[in-house]
There are 2 protein chains.
Amino acid sequence: MSKEHSHSLGSVPVPLTPQQRFEEYLRSRGMRNTEQRRILLDYVFGHHQHFDADQLIAQLPPKGEPRYVSRPTVYRTLAEFVDAGLLRKFELDGRAVYEHDYGYPEHDHLYCTQCHKLFEFESEELVQLRDRVAREKKFRVTGHRLIVYGICDRCAKATRRSKRASTLV
Amino acid sequence: MSKEHSHSLGSVPVPLTPQQRFEEYLRSRGMRNTEQRRILLDYVFGHHQHFDADQLIAQLPPKGEPRYVSRPTVYRTLAEFVDAGLLRKFELDGRAVYEHDYGYPEHDHLYCTQCHKLFEFESEELVQLRDRVAREKKFRVTGHRLIVYGICDRCAKATRRSKRASTLV
DNA sequence: ATCATTGCAAAAGATTTGCAAGGTC
DNA sequence: GACCTTGCAAATCTTTTGCAATGAT
């Protein structure tokens, strides 16, 4: 997805590293600390990006190489990360996108439909609005997902530039 | 999806019926007014519900019957309705859901993860908040999608009831 | 040794596409 | 008659699953 990441967002102080927390999760469930899980956790928390399963797999070594992890295992493990509270998952254009959850504040997204990048923003006001609406309808909120669609500044500028250029020809 | 529909939402006055507007759309594009398109338009605007392709197909007559429409044609036609501004499309649990757009006000949804019903609400404040955030980031908004996840009142009550019952046993 | 986990191959579910036959303008 | 549409079958794309082999505790 996007290599850009709004670094205006703060981070939430955490007592444990993602690795430690995941080990805790595994232990509590009688699951095993396998090489594949360690590899994927390293990749996922080694980058601050949004990504989907295919993009993660593309970054991993291909079949035959040392740290190769099969596609089914990637899917299974991403689901575990979500379950462990390390990642958040959402849908974009009909596919699953993942982003950091653990140690990262709640936020929403602006999605540029031209360059397909995601831009983050935090809004306490939005959460309040959401809760107010829910209260009126006696609805117990567990979470929400807001995506604002449009064109980012950079794409808008690029479009203006090329429009001007074509007019000048 | 849901048979419930918040009728607290008003409707937007429209100069043309969906049928007329679609005919206009077809004409402007040199497309044809076929029986299948008429059938589907009737079904879709004959109900005020959220639905996905499968649910629509389930309502249509089966293969062999008079008004049967094939699955590929349903998908193709729904895309045309979206394109014509008659329907809005969004993703829920990894599948496409459609709802009326033409003649219906902009709104957002509360989604009960227990009974899988959608409840609508309108918020002018949300739109303002969205536009304010976008302006700060020099982002040109074309639209947004907000889904609030949680448990609806009815499901919450049902859960309380059965919890009480099981406690009393 | 026990039992969770992996990789493979195949399945599954939703949606899309190529194409010949049929329908609309 | 020209050419857009349809239905069929098959393909596509993403994600999931059955299962035998492998690995962790």
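We use all heavy atoms of the structure for the numbers below, so side chains are in, but hydrogens, waters and symmetry mates are not. Reminder, nothing fancy here: chain letters follow the sequence lines and each chain counts from 1.
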Checklist outcome for this item: Rounded to whole Å, CG of B/Leu78 lies from C1' of C/dT16 at a distance of 13 Å

Checklist entry - Looking at A/Tyr75, does any N or O in its side chain come under 4.0 Å of the phosphate oxygens OP1/OP2 on D/dT15? => result yes

Next on the checklist: To the closest 0.5 Å, what do you measure between CD (B/Glu124) and CG (B/Leu129)?
Outcome noted: 11.5 Å

Checklist outcome for this item: When rounded to whole Å, the CZ to P distance for the pair A/Phe90 and D/dT15 reads 13 Å

Checklist outcome for this item: Quick note, A/Tyr68 side chain, CB onward, closest among D/dG7, C/dT16, C/dG7 is C/dG7

Next on the checklist: Under 4.0 Å from OP1 or OP2 of C/dG23: is there any side-chain N or O of B/Gln36 that close?
Outcome noted: no

Checklist outcome for this item: Between CG of B/Asp93 and P of C/dG13 the distance, given in whole Å, is 15 Å

Item to check | Nucleotide-resolved protein contact map, nucleotides 18-25 of chain D, B/S/- at heavy-atom distance under 4.0 Å | outcome: B----BBS

Next on the checklist: List the residues meeting side chain to side chain contact (heavy atoms under 4.5 Å, CB included) with A/Asp108, not counting sequence neighbours, and say none if there are none.
Outcome noted: A/Phe121, A/Leu126, A/His144, A/Leu146

Item to check | Closest to side chain of A/Arg37, choosing from C/dT15, D/dG7, C/dT6 | outcome: C/dT6

Next on the checklist: According to side chain to side chain contact (heavy atoms under 4.5 Å, CB included), who are the partners of A/Leu26, at least two apart in sequence or on a separate chain?
Outcome noted: A/Phe22, A/Met31, A/Asn33, A/Arg37

Checklist entry - Of all the nucleotides listed (D/dG7, D/dT14, D/dC8), which has the minimum atom distance to the side chain of B/Lys63? => result D/dC8

Checklist entry - SG/B/Cys152 to NZ/B/Lys157 distance, rounded to the nearest 0.5 angstrom? => result 10.0 Å

Next on the checklist: Applying a 4.0 Å non-hydrogen cut-off, can you work out what B/Arg71 is touching in the nucleic acid: base, sugar-phosphate, or nothing?
Outcome noted: base

Checklist entry - Taking NZ from A/Lys89 and P from D/dT14, how many angstroms apart are they, rounded to a whole number? => result 14 Å

Side-chain donor-acceptor contacts of residues 56-65 of chain A below 3.5 Å, not counting sequence neighbours, with atom names and distances?
none

Next on the checklist: Starting the side chain at C-beta, find the nucleotide from D/dT15, C/dT15, C/dC8 nearest to B/Arg95.
Outcome noted: C/dT15

Checklist entry - Expressed in angstrom and rounded to an integer, what is the separation of B/Arg29 atom CZ from C/dT24 atom C1'? => result 19 Å

Next on the checklist: Is there a side chain to side chain contact (heavy atoms under 4.5 Å, CB included) between B/Arg140 and A/Asp153? Walk through the geometry before answering.
Outcome noted: CA-CA 8 Å; B/Arg140 296 189 179 179; A/Asp153 190 33; over 6 Å; no

Checklist outcome for this item: The side-chain hydrogen bond (donor to acceptor under 3.5 Å, both in side chains) partners of A/Gln19 (sequence neighbours excluded) come to A/Asp42

Checklist outcome for this item: When rounded to whole Å, the CD to C1' distance for the pair B/Glu91 and D/dT14 reads 12 Å

Item to check | Distance flag, aromatic centroids of B/Tyr104 and B/His107, threshold under 6.0 Å | outcome: yes

Next on the checklist: Once you measure the plane-to-plane angle for A/Phe90 and A/His109, does it fall in the parallel (<30°), tilted (30-60°) or perpendicular (>60°) bin?
Outcome noted: parallel

Checklist entry - When you measure from the side chain of A/Asp54, which nucleotide among D/dG7, C/dG7, D/dT14 comes out closest? => result D/dT14

Next on the checklist: Classify the ring geometry of B/His116 against B/Tyr111: parallel below 30°, tilted from 30° to 60°, perpendicular beyond 60°.
Outcome noted: perpendicular

Item to check | Axis bend over the full length of the helix from C/dA1-D/dT25 to C/dC25-D/dG1, computed from five pairs that close each end, to 10 degrees | outcome: 30°

Item to check | Integer-rounded Å distance: C/dG7 C1' and A/Leu60 CG | outcome: 14 Å

